[in-house]
Amino acid sequence: MRKWQIKRRNADLERELRSDLELEEEEQRDRGVPSDEAHYAARRSFDNEALIQDQTHDAWGFAPVERLNQDIRYAFRRIARTPAFAVTVLLTLAIGIGANTAVFSVINRVLLRPLPYPDSDRLVSLSLNAPGAGGLASFSTGLRLSPSMYFTFARHNQTFQSVGIWINGTA
């Protein structure tokens, strides 16, 4: 809504409130209240005019937009008074948002996205533990799978669709 439309609506609202107040004052006089007291009685029965105007603006639906506009103008005035603080805040926000985006991108790529294989949610990792084989296995890597063990597992597999091997490291 344009500014001139808002001003016109506000003027209409003020006229309407004045008219209602005059009607109430006239009704008070018709009930026999003296005219000087009728004015105050009408104001008391009307309650708070500013509150009525605010409630009417809320009902019209553009009061929140006006408040947001006022808040934005106030923020820009405050920023203009302290430019060093504003630059510090903006840089802090930029660095924070950038770092957050970078971390999320890595986590999304590594942990959240499925592996680039068909039915990757069905992949299973198996490991061998050899508690009695002191020099052959370690806690972090387990027992290394020899080619003959792999072929034995692949030949006798009755649980999995297929068996494959992989090793950590770089090629």
Side-chain angles (χ1 to χ4, degrees), residues 1-14 17 47-171:
M1 187 167 283
R2 293 192 172 91
K3 202 171 201 172
W4 62 270
Q5 290 173 322
I6 293 172
K7 286 182 180 181
R8 192 183 71 206
R9 274 188 153 183
N10 285 340
D12 289 346
L13 177 62
E14 286 179 27
L17 286 173
D47 212 13
N48 187 347
E49 286 182 54
L51 180 63
I52 292 171
Q53 286 178 343
D54 285 345
Q55 289 171 342
T56 306
H57 285 172
D58 287 343
W60 287 343
F62 60 84
V65 175
E66 284 179 13
R67 283 193 289 270
L68 178 64
N69 190 16
Q70 289 172 350
D71 289 345
I72 290 171
R73 284 189 309 215
Y74 176 74
F76 279 120
R77 282 195 312 265
R78 294 294 296 177
I79 288 172
R81 287 184 190 159
T82 56
F85 177 74
V87 168
T88 304
V89 168
L90 289 175
L91 282 175
T92 303
L93 280 172
I95 290 169
I97 291 171
N100 197 11
T101 303
V103 168
F104 176 76
S105 296
V106 169
I107 288 176
N108 184 38
R109 185 72 70 180
V110 173
L111 297 177
L112 301 178
R113 277 195 185 165
L115 294 171
Y117 302 111
D119 297 326
S120 63
D121 58 331
R122 297 178 62 198
L123 290 176
V124 178
S125 174
L126 300 175
S127 64
L128 294 174
N129 290 330
L136 298 175
S138 70
F139 180 74
S140 61
T141 61
L143 183 65
R144 295 233 178 231
L145 191 64
S146 67
S148 64
M149 292 171 75
Y150 164 73
F151 288 122
T152 302
F153 287 143
R155 192 178 15 220
H156 296 291
N157 172 33
Q158 295 179 355
T159 306
F160 303 109
Q161 183 177 357
S162 64
V163 178
I165 56 174
W166 60 275
I167 187 167
N168 286 339
T170 58

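The environment of Y150 atom OH is dense: over 12 non-hydrogen atoms of other residues, nucleotides or ligands sit within 6.0 angstrom.
Contact between T152 and S148 at its shortest, heavy atoms only, is OG1-O, 2.8 Å. The minimum heavy-atom distance between I79 and A86, with the atom names listed, is CG2-CB, 3.5 Å.
Interatomic distance, CD1 of I72 versus CG of N69, reported as 6.5 Å (0.5 Å rounding). Here the CD1 atom belonging to I95 is positioned 11.0 Å from the CG atom belonging to L90, to the nearest 0.5 angstrom. In this structure, OG1 in T88 is found 7.5 Å from CZ in F85, a value given to the nearest 0.5 Å.
Contact annotation: the side chain of Y74 approaches that of R77 to within less than 4.5 Å [non-hydrogen atoms, C-beta and beyond].
A side-chain donor-acceptor contact under 3.5 Å links N157 to the backbone of F160.
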